[in-house]
J.: 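Below you will find the structure I want to go over with you.
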Protein chains: 2
Amino acid sequence: MLSTDQGHARPDLAKSHALNTCPPDPVSKTIAARCSNCALRQICMPSDLSAGDLVKLDTIISSSRAVKRGEALYRAGDPFQSIYAVRAGSFKTVVIHRDGREQVTGFHIPGEPLGMDGISIEIHTCDAIALEDSSICIIPFHLLELLCRELKVMQHHVHKMMSGEIVRESGLMMMLGNMSADERVAAFLLNISTRLAVRGYSPLEFNLRMTRDEMGSYLGMTLETVSRMFSKFQKQRLIEAQGKKIRILDIDGLKLV
Amino acid sequence: MLSTDQGHARPDLAKSHALNTCPPDPVSKTIAARCSNCALRQICMPSDLSAGDLVKLDTIISSSRAVKRGEALYRAGDPFQSIYAVRAGSFKTVVIHRDGREQVTGFHIPGEPLGMDGISIEIHTCDAIALEDSSICIIPFHLLELLCRELKVMQHHVHKMMSGEIVRESGLMMMLGNMSADERVAAFLLNISTRLAVRGYSPLEFNLRMTRDEMGSYLGMTLETVSRMFSKFQKQRLIEAQGKKIRILDIDGLKLV
DNA sequence: CGCTGGATTGACTTGCGTCAACATACGTGG
DNA sequence: CCACGTATGTTGACGCAAGTCAATCCAGCG
């Protein structure tokens, strides 16, 4: 979804434009999907795993997959087998109404989980689409469950991740239910900003990889309204925006919108 | 949230107005909280537990609690220790914005889980308030995790319940993001109707225990708009509504709204 | 029987959607 | 590497769905 100046393109995905990837980590660039070597491990896995635990982890998460911009990692209706972690790039998840209307339910950046909607009825309930050329780790869910029965810390971590999704969504509902268009856009920018900060990227300058339309769908408004809010914030000197490139000028001001 | 003609008041909660309770089950009325005896077990627990598994379950879920109308089962900020299952009655969950605005994020009827928002950071992120005099089963989460490490079927069930919450919320987001007021109210009534049907209640006639205001908050609209939609549906002969008492006259018509 | 909180209905206002014209960025093939 | 065509973004004019404010009604309860 976003790229920052600190982003380093992975060799296998190199393009003219910067990509989101693991923060600098010379080792992980060249080695196949291995949690034990991954710079994102602190983000998507429990922090207190022993060396032995890591070996076990490596045996279940052995594969990764590249997904090209616009391609689906999975689609609603697909049988559920694995959950995923974004390694590089970004995704949106969308649910599609029978009448064809679609709603973006989330954006996912490196280190964030994907696919947990499918656990419930063992069928995915949304599409996960890459917003740019991306790569993900594949975590076969039955193996993860096996590991969770063995490792308390892993079990706990998985539960936290799932609960985190629940909390994330109820925050979004709050936004969709109660907030005006300007408040939503401000809250969205601040949310992106903190998520980037957690991952060590600059929270004040980033690229939004999704279109205004996708942002609008996520925020429950039209693309025109999104655009107007960006213009308005720019006039108020809260941000500088040229297309997808965003710079936050007055973060406290944004919080007061 | 709802009561139906089939509802039977529990002795300890008897009031002049009907309550939601377990469907008829003479045994469970008199016996303390025991999964092995609970008529709702099919709904909130895995269906294929052995007798031995049930004994284990009974050891961890030994307590229940009554919550009076308007009281909080837990509040945002409370430390998280247990998840809950609604035994009788109904609850709303609300998140409160710093500026005081509140958003209802869900309604919970018997057999449905409560409190899973707290797992993530071990602090509850919303308030759970009883809409009527209610009772819940208390499931200490660390014991549940213990049991999940032992019983694969229980582990799987817990994961499904959590994922189910994620799916439920993304459906709501769809509603808040894309649908018009009449569509939302229709979808809400249909949702309630199916949830009642699953539990063996009449899906066509029920009492909504929440106020128009709470419904509106949940649906992202004002109480006046909710009221207008009810009047409109009534004029169209889709429903009959007198206050909280609802009768669905034309369920297919409602689906087309 | 009157009080109180909730529900309904109407009149008016407004934020945002819709439609439309135009501008800019992007990527694709010559 | 440039040029063109398509996709995306911006801005304005206008209308409507839903919010706001207010009066009234109704039901349940002391």
Side-chain angles (χ1 to χ4, degrees), chain A residues 1 3 14-19 68-70 92 101 103-104 129 131-133 175-186 188 207-235 239-246 257, chain B residues 1 3 15-19 68-70 92 101 103-104 129 131-133 175-186 188 207-236 239-246 257:
Chain A
M1 163 168 53
S3 67
K15 294 280 154 182
S16 58
H17 56 291
L19 289 167
K68 281 221 158 35
R69 176 196 160 101
K92 64 172 176 180
R101 280 178 294 182
Q103 159 91 17
V104 174
I129 313 283
L131 291 173
E132 57 191 304
D133 293 355
M175 187 155 86
L176 292 172
N178 282 316
M179 293 167 45
S180 58
D182 48 6
E183 292 175 315
R184 291 182 207 191
V185 174
F188 175 68
N207 273 16
L208 296 170
R209 305 305 304 233
M210 75 293 290
T211 65
R212 298 287 130 112
D213 196 19
E214 289 162 337
M215 243 182 277
S217 170
Y218 179 70
L219 296 172
M221 66 185 74
T222 59
L223 64 99
E224 291 95 329
T225 302
V226 174
S227 183
R228 280 186 247 272
M229 294 307 128
F230 274 77
S231 304
K232 181 176 153 192
F233 291 163
Q234 210 157 2
K235 232 168 277 168
I239 64 169
E240 243 168 39
Q242 43 167 331
K244 299 191 185 306
K245 192 146 250 137
I246 304 291
V257 169
Chain B
M1 162 169 51
S3 66
K15 293 279 153 183
S16 56
H17 56 291
L19 290 167
K68 281 221 157 36
R69 175 196 162 99
K92 65 172 176 179
R101 280 180 294 183
Q103 159 90 17
V104 175
I129 314 282
L131 291 173
E132 57 192 303
D133 292 356
M175 187 154 86
L176 292 171
N178 282 316
M179 293 167 45
S180 59
D182 49 7
E183 291 175 314
R184 291 181 208 194
V185 174
F188 175 69
N207 273 14
L208 296 169
R209 304 305 307 233
M210 75 292 290
T211 65
R212 297 288 131 112
D213 197 19
E214 289 162 337
M215 244 183 275
S217 171
Y218 180 70
L219 295 172
M221 66 185 74
T222 59
L223 64 100
E224 291 95 330
T225 304
V226 174
S227 184
R228 281 187 246 272
M229 293 306 128
F230 274 76
S231 303
K232 181 176 152 193
F233 291 163
Q234 209 157 1
K235 231 169 277 168
Q236 297 171 185
I239 65 169
E240 244 168 37
Q242 44 168 329
K244 299 188 186 305
K245 191 146 249 137
I246 304 292
V257 169

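Throughout, protein chains are lettered first and strands after them, A, B, ... in sequence-line order, and every chain is numbered starting at 1.
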J.: Starting from P on C:dA25, measure out to CZ on A:Arg209 and report it in whole angstrom.
T.: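 In whole Å, C:dA25 P lies 16 Å from A:Arg209 CZ.
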J.: How long is the gap from CD1 on B:Ile239 to CD1 on B:Ile246, to the nearest 0.5 Å?
T.: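 If we round to the nearest 0.5 Å, B:Ile239:CD1 and B:Ile246:CD1 are 5.0 Å apart.
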J.: Tell me the interatomic distance from A:Leu208, atom CG, to C:dA25, atom C1', rounded to whole angstroms.
T.: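 Result: 16 Å.
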J.: Roughly how far, to the nearest 0.5 Å, is CE of B:Met229 from CD of B:Glu183?
T.: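 Answer rounded to 0.5 Å: 10.5 Å.
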J.: Look up atom OG1 in A:Thr222 and atom CZ in A:Arg228, then write down how far apart they are to the nearest 0.5 Å.
T.: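 Interatomic distance, A:Thr222 OG1 to A:Arg228 CZ, rounded to 0.5 Å: 6.5 Å.
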J.: Expressed as a whole number of angstroms, how long is the span from A:Met221:CE to D:dA18:C1'?
T.: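 Result: 16 Å.
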J.: Got a sec? Which of residues 175-186 of chain B come in under 4.0 Å of DNA chain D, heavy atoms?
T.: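 Of all residues in residues 175-186 of chain B, the ones placing a heavy atom under 4.0 Å from DNA chain D are B:Ser180, B:Ala181.
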J.: Determine to 10° how strongly the helix from C:dC1-D:dG30 to C:dG30-D:dC1 is bent, judged from the axes of its five-pair ends.
T.: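 Roughly 40° between the end axes, to the nearest 10°.
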J.: Classify B:Gly220 by what it touches in the nucleic acid, base, sugar-phosphate, or nothing, heavy-atom distance under 4.0 Å.
T.: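 Here B:Gly220 touches the backbone only, sparing every base.
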J.: In Å and rounded to the nearest 0.5 Å, what is the OG to CE distance from A:Ser227 to A:Met215?
T.: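 Reported value, rounded in 0.5 Å steps: 9.5 Å.
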J.: For a quick test of reading the model: is some side-chain N or O of B:Thr222 closer than 4.0 Å to OP1 or OP2 of D:dG19?
T.: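 True: B:Thr222 side-chain N/O within range (under 4.0 Å) of D:dG19 OP1/OP2.
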J.: In whole Å, I'd like the distance from the NZ atom of B:Lys245 to the P atom of C:dG6.
T.: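 Between P of C:dG6 and NZ of B:Lys245: 18 Å.
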J.: Quickly work out the B:Lys232 NZ to C:dT9 C1' distance and round it to whole Å.
T.: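 Result: 16 Å.
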J.: Summarise how protein sits on nucleotides 5-12 of chain D as a single string, 5' to 3': B when a protein heavy atom is under 4.0 Å from the base, S for sugar-phosphate-only contact, - for no contact.
T.: ---SSBBB
J.: When you compare the side chains of B:Asp213 and B:Thr211, does any donor N or O come within less than 3.5 Å of an acceptor on the partner?
T.: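 Note: B:Asp213 and B:Thr211 side chains miss the donor-acceptor criterion.
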J.: Report the C-alpha distance between B:Arg184 and B:Leu176 in whole Å, list the side-chain angles of each, state the deciding distance to 0.1 Å, and finish with yes or no for side chain to side chain contact (heavy atoms under 4.5 Å, CB included).
T.: CA-CA 8 Å; B:Arg184 291 181 208 194; B:Leu176 292 171; 4.0 Å; yes
